[in-house]
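Not measured: the values here are computed from a predicted model.
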Amino acid sequence: MVGDFFVAVGDVLSSETTYSSGWRLAVALAFVAVGEWIAERAGTINISVEGSMLAGAFASAMGYDASGSVAVGLLIGAAAGLLVGAVQAHFSHNLTANQFVVGLTLNILVLGLASFLNSSLKPETATAHVFEVPGLVEIPLLGPALFGQPWPLYLLYPLIPLAWWLVYRTRWGLEVRAVGENPQAADVSSIDVNARRRQAIYVAGVTSGLGGGYLLLGQVGWFEDAIVGGQGFIAIAAVIFGGWTLRGAMLGCLLFGSANSFRLSLPAVGHPLNSELLSSLPFVLTICVMALFAHRTREPQSLARPFIRGLR
């Protein structure tokens, strides 16, 4: 029994499909996690990234159906994610409503709207063409996974260093980190705390909408209500797993993407297991990660705490 398990693991690890599917699944999470990392460094947990991702996927489907262009679909998807983020930001950091309640409500609202509109409009979609980077795609195992994918995936490669530069090398990023750590001191320094928090959520909305667009046009190819399936929440868990660092968040996305790929690859290489057990693997891993790492890493000191001037 134990020997069969290790044989199955060896077959999965030696399969090129494992790395390719694992990276594709990780990329969908990484788009969301990049923006969520920025939002959480500003002191806000943007629960509505699940809704932003779903809105981005549906809006991308509508954009592609209307224009026939993947690029247009992705832009409209990013705009839809921004819209959801703007609603979250307004209620959480203008009206000081509970950000968790607002986020969960938005997720339910977007799911209902997307389900209704999809059944009525039935947009026609497709996947973007595969672009292979000459030379690099020939690297064994990892080459096709990293450099032989649908072209929207490559948007992630400049996005990660751009996010790092924005947070650590600009005045705006310094202020974002300040309002996440000590909003009272930031306020005394004439920083508009809630404005910076809203702006960080806007960024998270854009990247989440882009992630939803990539999921639709770069991976799945058609829209359905369950296309996101909790991946927004998994991206939040990846940020926590990564200790609120960008590098750690990306490693978390890779871990969760690999777990999902393992679930898909086992039957493909001839080792079928209980399908319900395999389907639950990414979510079980998410719960375990949250339990193990949520209290072992240093979060921004004012994470999830609303800021009202004059109150501590």
Side-chain angles (χ1 to χ4, degrees), residues 21-33 35-36 46-65 70 73-74 76-78 80-81 83-85 88 103-128 150 152-153 204-205 207-238 253 256-268 273-287 290:
S21 63
W23 182 235
R24 285 199 305 269
L25 294 166
V27 165
L29 298 174
F31 274 112
V32 182
E36 179 63 17
N46 186 19
I47 300 295
S48 66
V49 290
E50 178 86 1
S52 293
M53 199 175 183
L54 182 59
F58 179 73
S60 294
M62 293 300 300
Y64 180 85
D65 183 60
V70 172
L74 290 173
I76 294 177
L83 178 61
V84 175
Q88 168 82 54
L104 291 173
T105 302
L106 280 173
N107 291 338
I108 296 170
L109 175 63
V110 171
L111 178 60
L113 283 175
S115 178
F116 170 73
L117 293 174
N118 183 53
S119 64
S120 302
L121 301 175
K122 297 181 173 62
E124 297 290 334
T125 58
T127 53
L153 180 146
T207 63
S208 299
L210 194 59
Y214 160 76
L215 187 64
L216 177 82
L217 298 174
Q219 188 174 323
V220 178
W222 69 89
F223 181 83
E224 58 182 4
D225 301 345
I227 188 172
V228 174
Q231 292 188 68
F233 297 116
I234 294 177
I236 295 175
C253 292
F256 291 121
S258 299
N260 217 351
S261 175
F262 185 80
R263 170 181 71 86
L264 298 173
S265 298
L266 268 180
L273 291 178
N274 183 278
S275 58
E276 287 77 13
L277 177 63
L278 288 176
S279 297
S280 67
L281 180 60
F283 302 101
V284 171
L285 182 61
T286 301
I287 293 172
M290 293 287 285

Listed pairs under 3.5 Å, donor-acceptor, residues 114-121 side chains, sequence neighbours left out:
from	atom 1	to	atom 2	distance (Å)
Ser115	OG	Asp225	OD2	2.9
Ser119	OG	Ser115	O	3.3
Ser119	OG	Phe116	O	2.7
Ser120	OG	Phe116	O	3.0

Side-chain donor-acceptor distances from residues 54-64 under 3.5 Å, at least two apart:
from	atom 1	to	atom 2	distance (Å)
Ser60	OG	Gly56	O	2.7
Ser60	OG	Gly73	O	2.9

Ignoring hydrogens, what is the shortest heavy-atom contact between Gln231 and Ala28? Give both atom names and the distance. OE1-CB, 3.9 Å
Check whether Glu124 reaches the backbone of Asp65 with its side chain - one donor and one acceptor, N or O, closer than 3.5 Å. no
Test side chain to side chain contact (heavy atoms under 4.5 Å, CB included) applied to Ala78 - qualifying residues, sequence neighbours left out: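 Counting only residues at least two positions away or on another chain, Ala78 forms a side chain to side chain contact (heavy atoms under 4.5 Å, CB included) with Val206.
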List in chain and number order the residues that pass side chain to side chain contact (heavy atoms under 4.5 Å, CB included) with Gln88, two or more places apart in sequence or in another chain; answer none if no residue qualifies. Asn46, Ser48, Ser92, Gln99, Val102, Leu106, Ile201
Rounded to the nearest 0.5 Å, what separation is found between the [atom1] atom of [X] and the [atom2] atom of [Y]?
X      : Y     : atom1 : atom2 : result
Glu36  : Leu29 : CD    : CG    : 12.5 Å
Thr207 : Met53 : OG1   : CE    : 10.0 Å
Cys253 : Leu25 : SG    : CG    : 11.5 Å

Below 3.5 Å, can you tabulate the donor-acceptor pairs from side chains in residues 209-222 to any protein atom, sequence neighbours excluded?
from	atom 1	to	atom 2	distance (Å)
Tyr214	OH	Arg24	O	3.2

Side-chain contact test, heavy atoms from C-beta onward, threshold under 4.5 Å: evaluate it for Asn107 versus Phe233 and give yes or no.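 In short, these two side chains touch, coming nearer than 4.5 Å.
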